[in-house]
Q: 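Next up is a structure, given as structure tokens.
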2 protein chains.
Amino acid sequence: MSKQELVVLAQDDADGCCGRLGSAPLDEDQAGDLAKVFKALGDPVRLRLLSMIASRAGGEVCVCELTPAFELSQPTISHHLKLLRQAGLVDSERRGTWVYYRVLPAALERLAAVLTAPQAAEVNA
Amino acid sequence: MSKQELVVLAQDDADGCCGRLGSAPLDEDQAGDLAKVFKALGDPVRLRLLSMIASRAGGEVCVCELTPAFELSQPTISHHLKLLRQAGLVDSERRGTWVYYRVLPAALERLAAVLTAPQAAEVNA
DNA sequence: AGGTTGATTCGACGAACATCAATGCAACCG
DNA sequence: CGGTTGCATTGATGTTCGTCGAATCAACCT
């Protein structure tokens, strides 16, 4: 089920200091990978889906619970969930009849780290 | 120059607990506003532009320095900078002949906060 | 004023995207 | 087995987006 996720969220920051926006200009590859993830977040429906999954106590939400929360067709919701999966933000698991989605916290953390300023050299006040 | 920025990055978190993804499902408005910002980040060129601006020690970068860093036309770069501006991520100022861009750190911080998990109620291990 | 350089705006075009109806696949149940 | 329900995939369509060339605006400099 969790086939091809993006690597940018899984890498272990081996090269000293990753891809923080404020540390050094991103090269094309880093920017391309990161852009795919942010693009996945750049849709209201996907953001709501992600927040519905992330804010669930048990950590898991059934698709059967997500779909009726929107005034969109079932294939459309499925499509958005697929994009969130391919972005490496969530994972899914089938248990019997139903499919459950779960957030991959490491992905969100890494993304937040990218945005966190490394209080770069006195941002001249 | 800094005309219409999005409000989502400027609000002061008055309503108890903002729009953290893990706290509660986002409503349509929150999701819509946030999506605009993430959409602005969902392009490799804009990410590189933002990182070039953010990683600059002085905090400011001249457009004349950004444009030649890409194999794209000047209008295209200007367009991307405009989107970053409208997303409330950067601000620009004209000084004489040249225009300088600067990151709005609060915007990035707020965005990072949205992605930061509030270690919600025991993510059942 | 006229000319030059830096930057934004405009108009157009192809690519990518969000959406849906129809179909396909998987698991349950009689 | 055949029927039903839950979810994913396919194919098609209207919209948005990224890009460019051309035109425009802003500031400098004779």
Side-chain angles (χ1 to χ4, degrees), chain A residues 1-6 28 31-50 52-53 60-87 90-102, chain B residues 1-5 28 31-50 52-53 60-87 89-102:
Chain A
M1 211 50 161
S2 57
K3 296 178 181 177
Q4 57 210 25
E5 294 168 0
L6 286 177
E28 288 192 40
D33 290 346
L34 264 181
K36 289 176 189 165
V37 184
F38 282 123
K39 193 173 297 183
L41 293 175
D43 181 276
V45 175
R46 288 195 289 272
L47 272 182
R48 289 178 62 196
L49 283 170
L50 188 62
M52 289 177 70
I53 302 173
E60 285 184 342
V61 183
C62 176
V63 174
C64 63
E65 204 168 345
L66 295 172
T67 304
F70 298 83
E71 295 195 341
L72 292 171
S73 72
Q74 177 264 324
T76 298
I77 299 299
S78 186
H79 167 68
H80 284 303
L81 287 173
K82 180 182 185 179
L83 291 188
L84 287 176
R85 237 186 304 133
Q86 291 178 333
V90 303
D91 192 11
S92 66
E93 180 188 354
R94 171 160 223 138
R95 281 204 301 273
T97 305
W98 295 280
V99 176
Y100 296 87
Y101 275 75
R102 167 187 338 110
Chain B
M1 210 49 162
S2 54
K3 296 178 181 177
Q4 58 212 27
E5 294 167 2
E28 288 192 41
D33 290 347
L34 264 182
K36 289 177 190 165
V37 185
F38 281 123
K39 193 173 297 182
L41 293 175
D43 180 276
V45 175
R46 289 194 288 271
L47 272 182
R48 290 177 61 196
L49 282 170
L50 188 62
M52 290 177 69
I53 302 173
E60 285 184 342
V61 184
C62 176
V63 174
C64 63
E65 205 168 344
L66 294 172
T67 304
F70 299 84
E71 296 194 341
L72 293 171
S73 73
Q74 192 184 38
T76 298
I77 299 300
S78 187
H79 168 66
H80 285 303
L81 288 173
K82 181 181 185 179
L83 291 188
L84 287 175
R85 234 186 305 133
Q86 291 179 334
L89 293 167
V90 303
D91 192 11
S92 65
E93 179 189 355
R94 173 160 222 138
R95 282 204 299 274
T97 306
W98 295 280
V99 175
Y100 296 86
Y101 275 76
R102 165 188 344 107

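Protein chains get the first letters and strands the later ones, always in sequence-line order, with residue 1 at the start of each. As the structure is a prediction and not an experimental result, all values here were calculated from the model.
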Q: Going through the distances and angles, do Val45(A) and Ile77(A) end up as a side-chain contact (heavy atoms from CB on, under 4.5 Å)?
A: CA-CA 8 Å; Val45(A) 175; Ile77(A) 299 299; 4.3 Å; yes
Q: Please answer whether the main-chain N or O of Gln74(A) pairs with a side-chain N or O of Ser78(A) as donor and acceptor at a distance below 3.5 Å.
A: no
Q: Is any side-chain N or O of Tyr101(A) closer than 4.0 Å to OP1 or OP2 of dA8(D)?
A: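 Checking dA8(D) against Tyr101(A), a side-chain N or O does come within under 4.0 Å of OP1 or OP2.
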Q: Would a distance-only check, ignoring hydrogens and angles, find a side-chain to backbone donor-acceptor pair under 3.5 Å from Arg94(B) to Gly96(B)?
A: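 The answer is yes, because a donor-acceptor pair under 3.5 Å joins these two groups.
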Q: What's the CZ-P distance between Arg85(B) and dA7(C), to the nearest Å?
A: 12 Å
Q: Hey, does Leu66(B) have a side-chain heavy atom less than 4.5 Å from the side chain of Leu49(B)?
A: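 Leu49(B) vs Leu66(B): side chains touch.
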Q: Can you tell me the distance, in whole Å, between the CD atom of Glu93(B) and the C1' atom of dA26(D)?
A: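 One finds 15 Å between C1' of dA26(D) and CD of Glu93(B), rounded.
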Q: Can you check the Leu49(A) CG to dA18(C) P distance for me, whole Å?
A: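 These atoms are roughly 12 Å apart.
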Q: Determine whether a donor-acceptor pair (N or O, by modelled atom type, separation under 3.5 Å) exists between the side chain of Arg48(B) and the backbone of Leu50(B).
A: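 Answer holds: no.
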Q: If each of Gly96(A) and Cys64(B) is mapped to the nucleotide of DNA chain C with the nearest heavy atom, which maps nearer the 5' terminus, i.e. the 5' end?
A: Cys64(B)
Q: Begin with the C-alpha distance, continue with both residues' side-chain angles, and end with the deciding distance and a verdict on side-chain contact (heavy atoms from CB on, under 4.5 Å) for Lys82(B) and Arg85(B).
A: CA-CA 5 Å; Lys82(B) 181 181 185 179; Arg85(B) 234 186 305 133; 3.7 Å; yes
Q: Quick one: Glu65(A) CD to dG6(D) P, roughly how many Å, whole number?
A: 13 Å
Q: Check every atom of dC7(D), dG6(C), dA8(D) against the side chain of Trp98(A) and return the nucleotide holding the closest atom.
A: dC7(D)
Q: Between protein and nucleotides 16-19 of chain D, what N or O pairs are separated by less than 3.5 Å?
A:
from	atom 1	to	atom 2	distance (Å)
dG18(D)	OP1	Arg46(B)	NH1	3.3
dG18(D)	OP1	Arg46(B)	NH2	2.7
dG18(D)	OP2	Arg46(B)	NH1	3.4
dT19(D)	OP2	His80(B)	NE2	2.4

Q: Any side-chain N or O of Tyr100(A) less than 4.0 Å from the OP1 or OP2 oxygen of dG6(D)?
A: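 False: Tyr100(A) side-chain N/O out of range (4.0 Å or more) of dG6(D) OP1/OP2.
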Q: Leu84(A) has an atom CG; how far is it from atom C1' of dA18(C), in whole Å?
A: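 It is 14 Å, rounded to the nearest whole Å.
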Q: By side-chain hydrogen bond (donor to acceptor under 3.5 Å, both in side chains), which residues pair with Arg46(B), not counting sequence neighbours?
A: His80(B)
Q: Output yes when at least one side-chain N/O atom of Lys82(A) is less than 4.0 Å from OP1 or OP2 of dA8(D), else no.
A: no
Q: Between Gln74(B) (CD) and dA23(D) (P), how many Å, whole number?
A: 16 Å
Q: When you get a sec, tell me which of dA27(D), dA27(C), dA8(D) is the closest nucleotide to the side chain of Thr97(B)?
A: dA27(D)
